[in-house]
Amino acid sequence: MSAWKKLGPGWAEVLDGSGAEDDMGVDLLIALGMEARLREAARALALEEHLLGAHVDVSEPVVQTVRLAADDGSGAPATRMFADGKLRVAAHIDGGDLVLTQRGGAPGITVVLGERWVPLQASVPARATGISELPESLVVLDRKGRRRTLKLVE
Amino acid sequence: MADRRVGTDALPELVRTFVDSDRPGGSPDAASAGSALLDRFEKHVRHMTRTYPDAWFTNARKDDEAVLDLAHRAFTTCARVEKGRFPFQGRTPFNSFIEERFDGRTVRYHSFYAKLSIAREIMRDDYARNLARNPVLRWRADLYRQIRDLLREVAEEVPQGQGLPPRWQLVSPGIRAMRPLGAVEAHLKRARERDVRTIVLTALKQAGPLTCSRLTNFAEAVLGTPEEEEAPAPILPAIAGTQVGIRRAVLTAWQELEDDDRELLGAIARGEGYDSLVARCPRFKHKVAVTRAVTRCGKHFMARLAGEAGLDDAAMPKGMRPKDLIELVLEVLVEVIPDAVDGPKGGSR
């Protein structure tokens, strides 16, 4: 392969046969060009994988449920409220399960917990077994199947 | 203060307290606010990085120290670096979070979890630097370069939309049956295919349009990653004096070049194609002009290096490899040549 090809597209076509490749210092220029091309490729490859989201998992860790010393007296599980507008769902952890109760909004919602769907009735607790930590937010589907995200409000 | 307590998300308040106390005349709580905020950064960066391999970390090694270092650099970037892109628009990320009244989730999204978050941008730059310096990863970068050159020659770009790299496809006259890429890979492995051109063309023919990085990973899987070489010895302090001499020589040589010769050397240091140079500097359209300029630049640089740094073209200074010399020369040139190719420095703007 012509040494000039190492400089990139087009250089060999113009410099082949010039005899300059044996001149002093030309090796240095060619090595410089090769290194520059490799660095540019490194940058382009990293950018491409970055834009494509290689290795990206956007999920946050679930919020840790922490019992404060001040809560110890009651012995009752801490209930937290998730809401989006009038739609409100109370949640607490009970014996390693997540207990959900609809407190406001139109009836007929379903809470989506990963692969599991938990339908709720107003004021009737529903239990999602094996979930021992409160999520940071709740995704629910309303009666018409519209997706809503309820944020932790209290 | 802790966002560990359910029902409270202290992150926005922590950011505000830190920024308020981190200015001249601010409250004396800077240290404790900074420490509490940094603690959050460490926690989230540890979680966010769990899916990444070694290549994306400082020195291409994923360990506690590297993850911690990343958390600290993300914190520093959020506190000090004014970023141009949305949603920062010329502000530091912390100032943006305060002024836009972002809630905790949004702060975490832009700092850690978004595909283009501050922490992931730093990782991208570390990965690019590793790709240019680590012997095995350099092989991957060179493979990407070869494949990109080939794609420009034989394929056409298929844009994927804003913010995404293009895919490439062969110009094809008809409908073809597609196969899963995994099946194509298995077939090429069985056939012990070693030719990059054949690997790329087979993938495009049988699996349809692909990005250049996907093709690089595919070719790497077929060819096998080379064995890791022994890490090169670091440049010895004893030759630090020589490095200074080389830096001085390169700077002097650059300053003495004519404008046209600077254009030529700049094109080489940017890894530019010849046509691009000619478009900017039509004088180099003529073979004689470009040949003479190449010879002149090479001679001039070697003469300066020999004179200033005590080098001659027959011998390298003791303890220095030719690659070290090239890296040093390039590092000086990137300081003086606009847009010369460099390893990235810090998070992108």
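Chain letters run A, B, ... following the sequence lines, proteins first, then strands; residues in each count from 1. Worth knowing before you read on, the calculation uses all heavy atoms, side chains too, and leaves out hydrogens, waters and symmetry mates.
Within 6.0 Å of the CD atom in Gln160(B), the count of heavy atoms belonging to other residues, nucleotides or ligands exceeds 12. When the shell of 6.0 Å around NZ of Lys287(B) is examined, it contains more than 12 heavy atoms from other residues, nucleotides or ligands. Summarising the local packing, NZ of Lys62(B) is surrounded by more than 12 heavy atoms from other residues, nucleotides or ligands at distances under 6.0 Å. The environment of NZ in Lys115(B) is crowded: more than 12 heavy-atom neighbours from other residues, nucleotides or ligands sit within 6.0 Å.
If you tally non-hydrogen atom pairs under 4.5 Å between each of Ser276(B), Gly273(B), Cys297(B), Ser117(B) and chain A, the highest count goes to Gly273(B). Across Val294(B), Asp275(B), Val329(B), the residue that shares the most heavy-atom pairs under 4.5 angstrom with chain A is Val294(B). Each of Ala55(B), Ala141(B), Gly104(B), Ala114(B) has some count of heavy-atom pairs under 4.5 Å with chain A, and the biggest count is that of Ala141(B). Comparing Leu32(A), Leu7(A), Val26(A) by how many heavy-atom pairs each has under 4.5 Å with chain B, the most go to Leu32(A). Of the residues considered (Leu29(A), Val58(A), Asp23(A), Val14(A)), Val14(A) shows the highest number of contacts with chain B, using heavy-atom pairs under 4.5 Å.
For chain A, the nearby part of Asn217(B) is the side chain; its heavy atoms alone come within less than 4.5 Å. Heavy atoms closer than 4.5 Å to chain B are found in both the backbone and the side chain of Ala44(A). Interface remark: Ile30(A) contributes no atoms to any contact with chain B (heavy atom separation under 4.5 Å). Of the atoms belonging to Arg292(B), not a single heavy atom falls under 4.5 Å from chain A. Heavy atoms of Glu272(B) lying under 4.5 Å from chain A belong exclusively to its backbone. At a 4.5 Å heavy-atom cutoff, the contact between Arg148(B) and chain A is made by side-chain atoms alone. Proximity to chain A is limited to the side chain of Asp149(B), based on heavy atoms less than 4.5 angstrom apart. Using a 4.5 Å cut-off between heavy atoms, Asp16(A) touches chain B through its backbone atoms (N, CA, C, O) alone.
Between Leu87(A) and Arg148(A), the closest side-chain pair of non-hydrogen atoms falls below 4.5 Å.
Annotation: Tyr113(B) is in aromatic contact with His44(B) [ring centroid separation under 6.0 Å]. Between Phe41(B) and Phe112(B), the distance separating the two ring centers is shorter than 6.0 angstrom.
Residues passing the side-chain hydrogen bond (donor to acceptor under 3.5 Å, both in side chains) test with Arg152(B): none are found, sequence neighbours excluded. Under the rule for a salt bridge (Lys or Arg N to Asp or Glu O under 4.0 Å), the partners of Glu220(B) that lie at least two apart in sequence or sit in another chain are Arg140(B).
Considering every non-hydrogen atom in both Ala36(A) and Ala269(B), the closest pair reads CB-O, 3.3 Å. Nearest heavy-atom pair, Ala128(A) versus Val118(A), reported as atom, atom and distance to 0.1 Å: CB-CG2, 4.2 Å.
A donor-acceptor contact closer than 3.5 angstrom is absent between the side chains of Tyr109(B) and Glu60(A). Side-chain atoms of Thr51(B) and Asp57(A) include no donor-acceptor pair closer than 3.5 Å.
Applying ring-ring contact (aromatic ring centres under 6.0 Å, His included) to Tyr127(B) and the options Trp56(B), Tyr52(B), Phe57(B) leaves one that passes, Trp56(B).
Looking only at distances, no side-chain donor or acceptor of Glu49(A) sits under 3.5 Å from a matching main-chain atom of Ala54(A). Not one N or O on the side chain of Arg146(A) forms a donor-acceptor pair closer than 3.5 Å with the backbone of Leu141(A).
Using non-hydrogen atoms only and a strict 4.5 Å limit, no part of residues 100-108 of chain A faces chain B. Heavy-atom proximity under 4.5 angstrom to chain A picks out Leu277(B) from residues 277-284 of chain B.
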